[in-house]
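All values derive from a computational prediction rather than experimental measurement. Numbering starts at 1 and runs along the sequence shown.
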Amino acid sequence: MSGYFKMDPDCPGPVFEVNGNITVHQPLSEQDLNAARNGKLLKKLRDIKALCPGTCLKFNQSLKVIEISGASDDVHMAQEKVQECTGPTKSISLAVWCELLRTRKGFGALGLIQVLT
């Protein structure tokens, strides 16, 4: 089994390739590590695995990364999904959160306009 490391501009770290399959390490922030320890991130990883069946996703706590392995196209798709559910978050006030939920349910002005037209 022979392989090699290469650098990919789409990946934050080195990519290890063996027989056409690649392995990518997706680094995690401290906030994402806490979410992984609580099980929230692991549930999201299971959902991503279901969306990208050609990949293998593993949480490596010692390296503080998510290992994504599989065919190149599948890995890039899984990597995009992982980036969507990790990363920085912003705290918002309760009033802003309530307004977001209200407008999401269609009770806002936009929802009323859509109903009337």
Counting only N and O atoms by type, is there a donor-acceptor contact under 3.5 Å from the side chain of Lys44 to the main-chain atoms of Val82? no
To the nearest 0.5 angstrom, please state how far the [atom1] atom of [X] sits from the [atom2] atom of [Y].
X	Y	atom1	atom2	result
Leu57	Ile48	CG	CD1	6.5 Å
Ile66	Cys85	CD1	SG	6.5 Å
Lys58	His25	NZ	NE2	9.5 Å
Thr55	Gln79	OG1	CD	11.0 Å

Cys52 and Met77 have their tightest heavy-atom pair at SG-CE, 3.7 Å
Closest heavy-atom pair, Ser69 versus Val75, reported as atoms and distance to 0.1 Å, is C-CG2, 3.6 Å
Identified side chain to side chain contact (heavy atoms under 4.5 Å, CB included) partner of Phe59 from the options Leu33, Val65, Asp32: Leu33
In this structure, are over 12 heavy atoms from other groups packed under 6.0 Å from Lys49 atom NZ? yes
Just wondering, are more than 12 heavy atoms of other shown residues or ligands nearer than 6.0 Å to CG in Asp73? no
List in chain and number order the residues that pass salt bridge (charged side-chain N to carboxylate O under 4.0 Å, His left out) with Lys43, two or more places apart in sequence or in another chain; answer none if no residue qualifies. Asp47
For residues Leu41 and Leu63: do they belong to one hydrophobic cluster (side chain heavy atoms under 4.5 Å, members Ile, Leu, Val, Met, Phe, Trp, Tyr)? no
Verify whether one side chain among Asn60 and Ser62 offers a donor that lies under 3.5 Å from an acceptor in the other. yes
